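None of these values were measured; they are calculated from a predicted model. Every number for a ligand or one of its atoms is a count from 1 in the order of the listing. Along the sequence shown, the residues carry numbers beginning at 1.
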Amino acid sequence: MLPVIVLVGRPNVGKSTLFNRLTRTRDALVADQPGLTRDRRYGIGVLGSHPYVVVDTGGLSHHAEGVDLLMERQVQSAIGEADHILFLLDAKDGPTAGDEAIAAELRRTGKPVTAVVNKSENLDKALAAADFYALGIGEPAPIAAAHGHGVKTLIQQVLDSLPEPDAEPQPEQRPGIHVAIVGRPNVGKSTLVNRILGEERVVAFDQPGTTRDSIHIPFERDDQAYTLIDTAGVRRRARIHETVEKFSVIKTLQAIESAHLVLLVLDARQGIGEQDATLASHILESGRALVIAINKWDGLDPDDRDHIKQELQRRLPFLDFAEKRFISALHGSGVGELFSAIGHAYRNATRGFSTPELNRILQALTQEHQPPLVKGRRIKLRYAHQGGRNPPLIVIHGNQTDAMPETYRRYLINRFRTALDLSGTPLRLEFRSGENPYAGKRNELTPRQIQKRQRLKSFVKRKK
Ligand SMILES: Nc1nc2c(ncn2[C@@H]2O[C@H](COP(=O)(O)OP(=O)(O)OP(=O)(O)O)[C@@H](O)[C@H]2O)c(=O)[nH]1
Ligand SMILES: [Mg+2]
């Protein structure tokens, strides 16, 4: 499970500035998608290869100060789910009465807290920090969120201070395709999980330890192993009807992150709301393969069905890569088709592409539509190869690729997707300029050609 770092502090101390800095790399991957709404309060940050959840508790509480701010229900629930709290302070203001009130409350939570002294860029860092010792939170860490000073060190210290995860089996060790079932409360997640498991052999599963833990349930279907990651909370198998779910964005983010594939459940009777769009944005940022289940399809009249299909197109255009299945979790209709879509999406997400195939496509696409001119010089795209799986990543080497406009990138993504018949998974492109490892002396050989040549060379040597 990803560790959770929660940012708290008076208004205007720089929580959102720090949040944006920590989550920015992720955003960049899905830049400028039309229709994408981003919930700016929850995000994923990455330090080295260690992802973590960040929560910005500000923004809601524009008039609240001190303890009032911490009394907000959303702030309290974030603090409840935190592994570590960063208590932001303003170096220019020095400690205020509001800060002291928050400090006293935070000490009471018993959670690990670091006092973070922001806006320290033009100050003597040690002196700026010293002012805040009196809050009794321990040694304050000076940073300047707007400039990035001290931020990496701070996060490194926080991550290092977290207790080692338990010896329980890590999610990676559980068998098969890991499917996270996510959706806002009462879309029918629990009913769907019961439907799926009611029909299949359940091996065994863990009970959640804390409110934010999901349940991992291994099972098999048509000789394929799966692990369901159920975010809906504790259920009884016998009880088909849902009770009120304890919904947690943090739990959902963690489930998405630990899954190979996400099953997003929507409610055909409620339409697509703000919370659905926010979850959809998080899924897109994660890069996971995706199947969308539109639930409660039973008994809808044709007009309503048309309406929801249009809504999908209008509200979630950035998820058009995902396969959609219309189901009734209650009656079980469409659940079989759901699994064929899951299998299909997973296979596509983990497929390997040959370098010659990618280069053939790249050549055809750049011939059909040349990359644009930048300051009178044309962007050149020379060579493509696969850089990763789930999501598939295609790395394209060329010149001036930093200036690549979003429209041309989208053209390439869409057409690569069609050419590779790649539904069910996002596709990422990465451009690299001036570092084509196969360019120059070697005259743009593919890795395979290089390998062949080397083999030939050593063969010739041995003959001598
Ligand atoms: N000088 C300086 N200004 C900063 C720094 N970090 C943030 N600021 C500025 O402080 C102001 C408030 O920053 P925000 O990030 O919006 O603060 P916040 O804590 O999210 O505020 P609320 O959401 O209203 O509680 C903005 O004008 C920022 O540009 C910093 O490191 N140095
Ligand atoms: Mg803010």
Side-chain angles (χ1 to χ4, degrees), residues 4-28 37-45 47 52-79 81-82 84-106 109 111 113-132 135 137 139-158 249-250 253 274 278 281-282 285:
V4 179
I5 300 177
V6 174
L7 314 181
V8 302
R10 284 187 296 114
N12 221 40
V13 288
K15 298 181 293 296
S16 302
T17 308
L18 180 58
F19 177 90
N20 291 339
R21 182 165 285 282
L22 296 176
T23 58
R24 196 155 58 193
T25 40
R26 258 312 184 74
D27 274 4
T37 63
R38 298 217 184 100
D39 186 332
R40 297 315 310 157
R41 302 190 51 234
Y42 296 85
I44 304 278
L47 185 76
Y52 54 91
V53 177
V54 206
V55 186
D56 175 4
T57 59
L60 306 155
S61 11
H62 264 286
H63 306 291
E65 272 264 340
V67 177
D68 284 349
L69 184 144
L70 292 186
M71 291 305 285
E72 297 244 356
R73 211 169 50 83
Q74 304 232 42
V75 176
Q76 275 191 331
S77 95
I79 288 176
E81 293 183 89
H84 199 103
I85 297 167
L86 295 182
F87 174 23
L88 267 77
L89 300 149
D90 189 328
K92 293 182 192 151
D93 295 347
T96 68
D99 292 334
E100 278 165 22
I102 294 177
E105 279 306 305
L106 288 180
T109 66
K111 293 263 178 174
V113 182
T114 302
V116 177
V117 180
N118 190 30
K119 311 189 190 179
S120 69
E121 66 269 18
N122 293 323
L123 304 169
D124 179 315
K125 301 243 181 323
L127 281 181
D131 275 353
F132 293 89
L135 292 175
I137 299 284
E139 183 165 4
I143 67 162
H147 310 277
H149 304 169
V151 172
K152 265 192 191 158
T153 315
L154 171 67
I155 299 299
Q156 186 71 63
Q157 278 167 359
V158 169
V249 179
I250 291 173
L253 284 180
E274 213 40 51
T278 301
S281 298
H282 284 306
E285 280 188 20

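The Mg ion (ligand 2) has no N, O or S atom of Asn12 under 2.8 Å away, backbone or side chain.
Not a single heavy atom of Gly9 lies less than 4.0 angstrom from ligand 1. Residue contact annotation: Lys92 has a non-hydrogen atom under 4.0 Å from ligand 1.
Shortest non-hydrogen contact noted between Ala78 and Val55 is CB-CG1, 4.0 Å. Between Leu22 and Tyr52, the closest heavy-atom pair is CD2-OH, 3.4 Å.
The backbone N or O of Gly9 sits less than 3.5 Å from a side-chain atom of Lys15, completing a donor-acceptor pair. Formation of a donor-acceptor pair under 3.5 Å by the Asp99 side chain with backbone atoms of Thr96 is found in this model. Of the possible donor and acceptor atoms, one in the side chain of Asn118 sits under 3.5 Å from a partner among the backbone N and O of Val13.
Of all atoms in ligand 1, numbered sequentially from 1 with element shown, those under 4.0 Å from a heavy atom of Val13 are 17 (O), 19 (O). Close contacts between ligand 1 and Glu121 involve ligand atoms 1 (N), 2 (C), 30 (C), 31 (O), 32 (N) [criterion: under 4.0 Å to a heavy atom].
Closest heavy-atom approach to atom 31 (O) of ligand 1 within the set Ala145, Gly14, Gly148: this belongs to Ala145.
For His149 and Ser120, the side-chain atoms include no donor-acceptor pair closer than 3.5 Å.
Looking at Asp68, Asp93, Asp90 one by one, the single match for salt bridge (Lys or Arg N to Asp or Glu O under 4.0 Å) with Arg10 turns out to be Asp93.
Residue Ser16 has at least one nitrogen or oxygen atom sitting less than 3.5 Å from a nitrogen or oxygen atom of ligand 1, judged on distance alone. At a 3.5 angstrom cut-off on N or O pairs, His147 does not count as close to ligand 1.
Of the heavy atoms in Asn118, only side-chain atoms (C-beta onward) come closer than 4.0 Å to ligand 1.
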